[in-house]
Amino acid sequence: MSQNDQVTRKNYKKNKKNSNQPKKKGGAGKWIKRAFLTLFALMMLAVVAGGSLFIYYAASAPEMTKDDLLGSFSSELVDMNGEVFYTLGAESRNFANPDEFPEVMINAITAIEDQRFFSHRGVDPIGIARAATGFVTNRGQISGGGSTITQQLVKLSVFSTAREDQTLRRKAQEAWLAVQLERQLSKEQIMSLYLNKIHMGGNVYGVATAAEEYFGKHVSELEIHEAALFAGMAQAPNRFNPYVNPDLAERRRNVVISVMRSEGMITEEEATAAMDTPIDEGLIERSQDERNNLVFDSYITAVLAEVEEKTQLNPHTAGLTIKTNIDVDAQQKVFDVLNTDEYVDFVNEQLHSAISLVDVETGKVRALGGGRSQGGEREANRALQVKQVASTIKPLTTYGPAIEHLQYSTYHQIVDEEYTVPGTNWTPRNHDRQFRGQISLRDALVDSRNIPAAKIMNEDLEMNQVEEFVTNLGIDIENFSDEGSIVPSNAINAEMTPLQLAGSYAAFANGGYYTEPYTVSKVITQDGQEIDLTPETNQAMSDYTAYMITDVLKGVVSANYNTVGISNLPQAGKTGTTNFTQDQLDQYNYPSGAVPDSWYVGYTTNYSLSVWAGYDSFGDGYLSLNDGTRQLPRQIYRIIMEYVSEGMDNSDWSRPSSVSVVDVEDGSNPAKLPGPNTPSDSIVTELFVAGTEPSDISTSYGEELSAPTGLSADFDEESDELTITWDEYTLDNEDESVTYNLSVDGQSTTLSDTEAVITEPPSGSLTITLSVSAYGNTGPESSVSITIPERIDEEEEEEEPEEEPEEDIEEEPEEPQEEEETEEEPPGTEPEPEEEEPEEEEPEEEPEEDETEEDSEE
């Protein structure tokens with residue numbers, strides 16, 4: 001047996017022996033090992049998957065050309081009449097060669113933007129990891145960071161800079177193109193291209209141009225504080241613009257200087273001296289052209305956003321012809337109203353306003369005002385910012401849907417009373433803290449009552465009906481409330497932009513047809529391709545809804561005629577005012593009448609115009625009736641609407657066939673037609689959707705009375721009695737009583753029965769008439785005639801006068817009975833007295849007569 005065989009056998013015996021041993025329990029190390037291997041495998045799988053995804057995304061990256069990198073093409077903005085009113089981008093751009101940029105500028109930009117610029121090959125692995133983390137935590141959006149200067153150059157040259165476009169796909173494509181670019185160009189060339197391309201605020205592009213525009217010097221002469229300012233502006237050019245936000249610009253500049261110091265690029269003394277330099281030192285006065293450009297700035301910001309969103313082109317560099325819808329004259333008027341003291345009193349510089357003017361038929365935006373006292377271009381455009389719109393939302397969430405889906409009339413009755421929305425603890429209050437009881441839809445909207453609006457939206461309407469209505473008007477309900485959906489309080493308040501509000505109301509003015517407001521009609525690329533950006537028009541509501549809301553909102557104009565009324569201009573509108581909470585009033589020590597926002601949105605058959613006034617933050621100030629600031633939106637509206645309406649065909653709205661005009665008795669519920677006796681001051685004219693008009697006639701003030709029927713007269717000679725009968729008269733209102741007016745031979749009486757008996761009526765031809773009275777009114781008469789024959793015993797009584805006293809005595813006791821029986825008979829129908837009356841001296845008769853009169857009175 002060989003030695004190897006012995007060893008093998010020995011090992012075999014050892015293993016066999018061990019195999020017979022009981023196994024030890026535990027094995028924690030094995031589990032750790034398995035967990036580690038599993039985690040490692042998952043990581044490797046993730047790397048493989050990520051690499052595959054990167055390759056897939058990179059393969060679809062667009063081609064990058066020399067023209068893309070140079071980006072020297074300017075874009076022209078054309079007004080509604082075809083005239084160029086603004087040139088955007090590179091027309092006045094100064095290009096600098098790589099050797100013209102001073103070292104301090106290179107150091108500043110790399111310190112704050114890409115410290116490993118000269119060592120990486122286009123991408124920074126650390127930055128990529130940070131971007132991937134952002135992708136996971138921001139639902140597919142890159143939260144920021146990670147881009148090298150090379151990648152930023154690629155993005156500026158090829159891709160959109162919009163935040164929503166910063167996806168993982170886009171990052172992968174940027175990285176791929178950046179690596180390719182690093183292979184083709186030197187670091188100095190890449191840096192030069194980047195510094196010549198970056199936006200430096202307003203209409204300034206490139207650091208060389210910025211050096212001239214801001215400091216009036218060549219780029220090679222920049223000092224530390226100037227270079228640090230430009231490096232800091234690269235992140236947010238308009239936000240850190242020293243003309244616009246000097247405090248923010250200074251803080252950002254000092255951050256760059258501090259990084260440069262920590263990286264050893266400048267000394268401590270140089271950093272201190274640069275930080276101590278005032279931010280406005282060396283800044284030159286803005287040119288007149290730049291000040292003139294501010295007139296269009298709010299409109300231009302909307303144009304740029306719209307072009308980038310709809311075409312994915314960069315208007316700053318793509319050399320486009322952009323055909324806008326701007327009315328230059330209207331835009332100038334908007335700017336003048338907001339930025340001069342010639343029209344209204346804004347009381348201070350912090351008080352802002354936003355204005356949106358829209359053509360109601362086409363949806364074209366004619367003018368925009370984004371704020372006041374702008375220090376530079378591309379500042380915040382408040383016309384495009386979401387704000388609480390207060391009661392201006394009521395036609396959109398409550399009354400419009402109620403007419404559209406429930407076919408409510410303008411008379412529809414609601415009870416204004418203390419109210420809590422079912423299922424919530426929200427108890428809305430009216431602006432005057434009062435209740436008006438039962439009121440019409442028209443009155444509730446004109447007087448802007450909160451409780452009726454809350455009742456209709458939260459009890460009568462379905463939420464899907466409200467959502468459908470507002471969605472048809474281009475409103476994104478995700479921005480409507482903090483919950484991102486329709487909530488009960490949306491009956492009286494919601495969040496929209498001033499431009500969206502003007503566009504929504506334009507649909508009321510345009511017979512229910514809605515077009516999304518747009519600033520750009522067409523874009524023509526450098527190679528002649530035309531891109532039509534005109535949105536589609538859709539029927540957002542029925543014509544009856546649009547007309548009836550408009551008719552009601554005319555009442556708002558009438559109620560505020562002193563502030564918004566314009567002679568010979570049919571118009572409709574709505575006010576709106578937000579409120580501070582009590583805690584906010586206490587926090588800022590504001591008076592009880594202080595409010596944060598005030599609105600007015602109105603329209604004609606030509607234009608829809610929304611105006612907001614307020615402060616950017618609650619702590620900046622408040623609006624008040626005492627200083628007139630709460631009335632500012634109405635004053636601004638009248639000035640601008642009167643200006644743009646001059647010379648226009650300002651016709652009134654035509655009532656569609658789907659709407660009926662009906663006179664209604666005020667207070668009836670449900671609606672009823674006026675009765676014949678309804679006072680004129682209790683009749684209101686309201687609008688109904690055709691086919692839903694009321695048919696019942698009100699009896700509150702009475703019904704039309706007719707002549708009674710069945711009137712007949714019958715004379716009984718034996719009893720010498722005339723019996724008159726008629727049919728019972730029935731009223732529609734069972735709670736009302738009827739009386740009968742009976743006239744016999746000109747003698748009248750009033751009865752409640754349907755029969756009258758007259759003893760010994762006068763002889764001859766008698767005319768009997770009868771009418772009914774109810775509700776304080778008397779109806780027409782019925783009549784009948786009868787002839788009563790002459791009595792034979794009358795002559796005999798004349799020939800025997802000696803018996804007259806006896807007859808008188810015999811008849812005398814019956815006279816009180818006759819008076820008692822004929823208590824309700826017409827005067828003059830009693831039997832004729834004898835020729836000789838009883839002597840007055842007879843004492844026995846007087847007590848009986850007094851007693852009868854007393855009974856009769858009773």
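The residues of the chain are indexed from 1 along the displayed sequence. Keep in mind that this is a model prediction, so the values were computed, not measured.
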Of the non-hydrogen atoms in [X] and [Y], which two are nearest, and what is the gap between them?
{"X": "Pro517", "Y": "Val358", "answer": "CB-CG2, 4.4 Å"}
{"X": "Val337", "Y": "Phe346", "answer": "O-CE1, 3.4 Å"}
{"X": "Tyr299", "Y": "Thr519", "answer": "OH-O, 3.3 Å"}
{"X": "Arg372", "Y": "Leu338", "answer": "NE-O, 2.9 Å"}
{"X": "His352", "Y": "Gln350", "answer": "CD2-O, 3.2 Å"}
{"X": "Ala383", "Y": "Leu368", "answer": "CB-CD2, 4.1 Å"}

As an exercise, state the distance from [atom1] of [X] to [atom2] of [Y], rounded to the nearest 0.5 Å.
{"X": "Met80", "Y": "Asn325", "atom1": "CE", "atom2": "CG", "value": "8.5 Å"}
{"X": "Gln184", "Y": "Gln189", "atom1": "CD", "atom2": "CD", "value": "10.5 Å"}
{"X": "Ile531", "Y": "Ser521", "atom1": "CD1", "atom2": "OG", "value": "13.5 Å"}
{"X": "Thr150", "Y": "Tyr194", "atom1": "OG1", "atom2": "OH", "value": "10.5 Å"}
{"X": "Ile112", "Y": "Gln235", "atom1": "CD1", "atom2": "CD", "value": "7.5 Å"}
{"X": "Gln500", "Y": "Ser610", "atom1": "CD", "atom2": "OG", "value": "10.5 Å"}

* Asked: Between Phe240 and Phe230, is a side chain to side chain contact (heavy atoms under 4.5 Å, CB included) present by the stated rule, with each step listed?
  -> CA-CA 9 Å; Phe240 298 126; Phe230 292 153; over 6 Å; no
With side chains defined as the heavy atoms from C-beta onward, is the minimum distance between [X] and [Y] less than 4.5 Å?
{"X": "Asn381", "Y": "Gln385", "answer": "no"}
{"X": "Met191", "Y": "Ile109", "answer": "yes"}
{"X": "Ser353", "Y": "Val611", "answer": "yes"}
{"X": "Tyr214", "Y": "Met233", "answer": "yes"}
{"X": "Leu499", "Y": "Leu384", "answer": "yes"}
{"X": "Leu632", "Y": "Leu351", "answer": "yes"}
{"X": "Asp79", "Y": "Asp327", "answer": "no"}
{"X": "Met496", "Y": "Ile475", "answer": "yes"}

Give a yes or no on whether a salt bridge exists between [X] and [Y], defined as a side-chain N under 4.0 angstrom from a carboxylate O.
{"X": "Asp359", "Y": "Arg366", "answer": "yes"}
{"X": "Lys217", "Y": "Glu226", "answer": "yes"}
{"X": "Arg382", "Y": "Asp616", "answer": "yes"}
{"X": "Glu495", "Y": "Lys387", "answer": "no"}

Taken in chain and number order and not counting sequence neighbours, the residues that satisfy ring pair (Phe, Tyr, Trp, His ring centres under 6.0 Å) with Tyr622 are Tyr590
Donor-acceptor pair, side chain of [X] and main chain of [Y], under 3.5 angstrom:
{"X": "Asn241", "Y": "Pro237", "result": "no"}
{"X": "Thr629", "Y": "Leu623", "result": "no"}
{"X": "Thr148", "Y": "Val123", "result": "no"}
{"X": "Thr209", "Y": "Val204", "result": "no"}
{"X": "Thr311", "Y": "Val307", "result": "yes"}
{"X": "Arg261", "Y": "Glu268", "result": "no"}
{"X": "Asp527", "Y": "Gln529", "result": "yes"}
{"X": "Asp476", "Y": "Glu478", "result": "yes"}

Hits for side chain to side chain contact (heavy atoms under 4.5 Å, CB included) against Ile284, two or more places apart or cross-chain, chain-then-number order -> Tyr243
Would you say that more than 12 heavy atoms from the other residues, nucleotides or ligands in this model lie under 6.0 Å from the NZ of Lys310, or not? yes
Exceeds 12 heavy-atom contacts within 6.0 angstrom, atom CG of Asp99
yes
* Assess whether side chain to side chain contact (heavy atoms under 4.5 Å, CB included) is satisfied between Val219 and Glu212, documenting all intermediate values. => CA-CA 8 Å; Val219 66; Glu212 295 286 351; over 6 Å; no
| task | For Asn348 and Tyr615, run side chain to side chain donor-acceptor pair (under 3.5 Å): C-alpha distance rounded to whole Å, both residues' side-chain angles, the deciding distance at 0.1 Å, then the answer. | result | CA-CA 10 Å; Asn348 61 57; Tyr615 292 87; 3.0 Å; yes
Review point. Can the ring centres of Tyr643 and Tyr343 be said to be less than 6.0 Å apart?
Key: no
Practice problem: Report the relative orientation of the aromatic rings in Trp612 and Trp599; use parallel for angles under 30°, tilted for 30 to 60°, perpendicular for over 60°. | Solution: tilted
Q.
Run His218 and Glu100 through side chain to side chain donor-acceptor pair (under 3.5 Å) and show every step you take.
A. CA-CA 9 Å; His218 191 269; Glu100 292 182 284; 3.3 Å; yes
>> Quick one, Ile149 with Leu153, criterion side chain to side chain contact (heavy atoms under 4.5 Å, CB included). Give me CA distance, side-chain angles, the key distance, then yes/no.
In response: CA-CA 6 Å; Ile149 285 178; Leu153 175 60; 5.6 Å; no
So salt bridge (charged side-chain N to carboxylate O under 4.0 Å, His left out) across residues 183-196, not counting sequence neighbours, yields Glu182-Lys187
Q.
Does Asp114 form a side chain to side chain donor-acceptor pair (under 3.5 Å) with His120? I'd like the steps, not just the answer.
A. CA-CA 10 Å; Asp114 186 1; His120 64 63; 2.7 Å; yes
Hey, mind stepping through Phe117 and Ile190 against side chain to side chain contact (heavy atoms under 4.5 Å, CB included) and telling me if it holds? CA-CA 10 Å; Phe117 172 72; Ile190 292 174; 4.1 Å; yes
When you check the side-chain N and O atoms of Tyr518 and Glu306, is any donor under 3.5 Å from an acceptor?
no
